[in-house]
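One-based numbering, in listed order, for ligands and for the atoms of each.
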Amino acid sequence: SAINIKEIFEALELNEVNKGTWTGVDAIDLKGEWLISHSPVDGQEIGKVQMTSRESYEKVITKAEKAFKTWRKVPAPQRGEVIRQIGNELRKKKEALGRLVSYEMGKSYQEGLGEVQEMIDICDFAVGLSRQLYGLTMHSERPAHRMYEQWHPLGLVGIISAFNFPVAVWAWNTMIAWTCGNVCVWKPSEKTPLTSLACQQLAANIFKTNGYPEGICSLLTGDAIVGSYLTQDPRIALVSATGSIGMGKAVGEAVGGRLGKVLLELGGNNAMIISDQADLEIAIRGALFGAVGTAGQRCTSTRRLIIRENIYEEVKERLATAYQKLTIGNPLDEKNHIGPLIDQSAVNQYLRAIERVKAEGGHEVVPGEVLQGAGYESGCYVKPCIYEVENHFQIVQHETFAPILYLIKYTELDEAISLQNAVPQGLSSAIMTLNMREMETFLSVQGSDCGIANVNIGTSGAEIGGAFGGEKETGGGRESGSDAWKAYMRRQTNTINYSSELPLAQGIKFDI
Ligand code: UN1
């Protein structure tokens, strides 16, 4: 579990990182303040990069605009060929990048590898998609006319991503956006700058090797101020943002104010309904990974368990027993299930949430605490905890990005579904049941109101092939698979007249 950061930097071509001037390839021009990356694993400084200044931003965007003029003319399947090469490079660097994700973000090495695998999977998806950017054809109401629609790229796509999936969410967006013919400008979380540099370096190298200009792939480093350059800039046709609801509202307002396009993938408050007709073995395991995996820092993490009253005590006890077996510590050590939270401010939010749940009358099942002593020097390790609550508690209505699980009791399925929907967010949901009527009701129009609704699997861990995103305050956007690509393109309807007449639609007569 000891980390050799020099070796990882070498494997990912990040040797120049700390020198102040970035000599790596492509459109990043760093002249601003230093951004220091500390690992939540051991509190050590991993490296530092400079933030993008306003002046550098202008240079990046000028290059991106120029690059778009080239990239949009490259046939889509040839764009897919570049993505195929990126996928192959990721296969080669999977271990090094997975390790850096784990060290910089704090998720387990297994989950770090899983995240890189998600990138590889979306590359494969994008390669296939590059031959399938289908539009429809329609029958015209006029004789000897033909109608069809086609999809064109938008231009410059801005991507704002969060610390918790520092590389996969970038890949969902960029691999699809590039395939569609856009150029991408990425503003990753200021909490994980090094993993983003590694991705930038890897992708930019491939574009360069293939003879494409700089600017198809650009990176901005910095905080919300740098993000606001993107949201306020009318040259950025689409801003795709993943993060908190507060951030999403700010982005939505700024981009909406200039009538730009947004794709928002914000917080969840995901529940799992556990019926008395569930396979309890699966239910407990699903709830456990959903609640404590990634230390509860997924937007899809399970926050609420809505449990049928006649099995409530049994589920509660089995969960409490399972929680005792969890090992918390260095996430690079494969014997540990749970690593640290991202930073001190996340720890404070965890502590405040526990205070609030107690103040509102929540009942402790498994207590929370900040861990101290050998191995926990960074101060970011916390114990996953469980509270019995009522769904309407203010703190339960709110997404806390930490491993705090709430238990809620129900009697009738309709009531369970109402409780599950009675939060402002609408990302992911699950029901554990072997009863066909219960499951179909949960998936029906009077069932879950979320963008993701699962049966007999947990709320997290979506595959890339489906459209990912949710309703209500989750923001309504869809990323990744299915036809999510359409958000990165503009639709053009074309009507062609091949007759020698000029009939008007709707039969309107206009003769002179
Ligand atoms: C996120 O937390 O922002 O479904 C993304 C999942 C992962 C992605 C989560 N594939 O849990």
Tell me the protein heavy atom at minimum distance from [atom], and give that distance in Å.
atom	result
atom 11 (O) of ligand 1	T300 OG1, 2.6 Å
atom 10 (N) of ligand 1	E118 OE1, 3.1 Å
atom 9 (C) of ligand 1	F165 CE1, 3.5 Å
atom 4 (O) of ligand 1	A462 N, 2.7 Å
atom 6 (C) of ligand 1	G461 N, 3.2 Å
atom 5 (C) of ligand 1	C299 SG, 3.6 Å

Which ligand 1 atoms, with their elements, are less than 4.0 angstrom from a heavy-atom of [X]?
X	result
R298	2 (O), 6 (C), 7 (C), 11 (O)
E265	3 (O)
S460	11 (O)

**Check: K409 and I307 side chains under 4.5 Å, non-hydrogen atoms** = no

**Prompt:** Above 12 or not: heavy atoms from other molecules or residues under 6.0 Å from CD1 of I225?
**Reply:** no

**Asked** Ion pair present between E89 and K93, side-chain N to carboxylate O less than 4.0 angstrom?
**Response** yes

**Request:** Could you tell me whether ligand 1 has any atom less than 4.0 Å away from a heavy atom of W172?
**Result:** yes

**Request:** Can you label the angle between the W178 ring and the W170 ring as parallel, tilted or perpendicular, going by 30° and 60°?
**Result:** perpendicular

**Message:** Whether R99 engages the ring of Y109 as a cation-pi pair (distance to the six-membered ring centre under 6.0 angstrom, angle to the ring normal within 45°) should be assessed.
**Reply:** yes

**Request:** Measure from NZ or CZ of K383 to the centre of the six-membered ring of Y323, then state whether that distance is under 6.0 Å and the direction lies within 45° of the axis.
**Result:** no

**Request:** Apply the test side chain to side chain donor-acceptor pair (under 3.5 Å) to residues N391 and Y406: give CA-CA distance (whole Å), side-chain angles for both, the deciding distance (0.1 Å), then the verdict.
**Result:** CA-CA 9 Å; N391 197 62; Y406 300 126; over 6 Å; no

**Item:** Distance-only side-chain donor-acceptor flag, T195 / E104, under 3.5 Å
**Value:** yes

**Item:** Distance-only N or O hit between ligand 1 and N164, under 3.5 Å
**Value:** yes

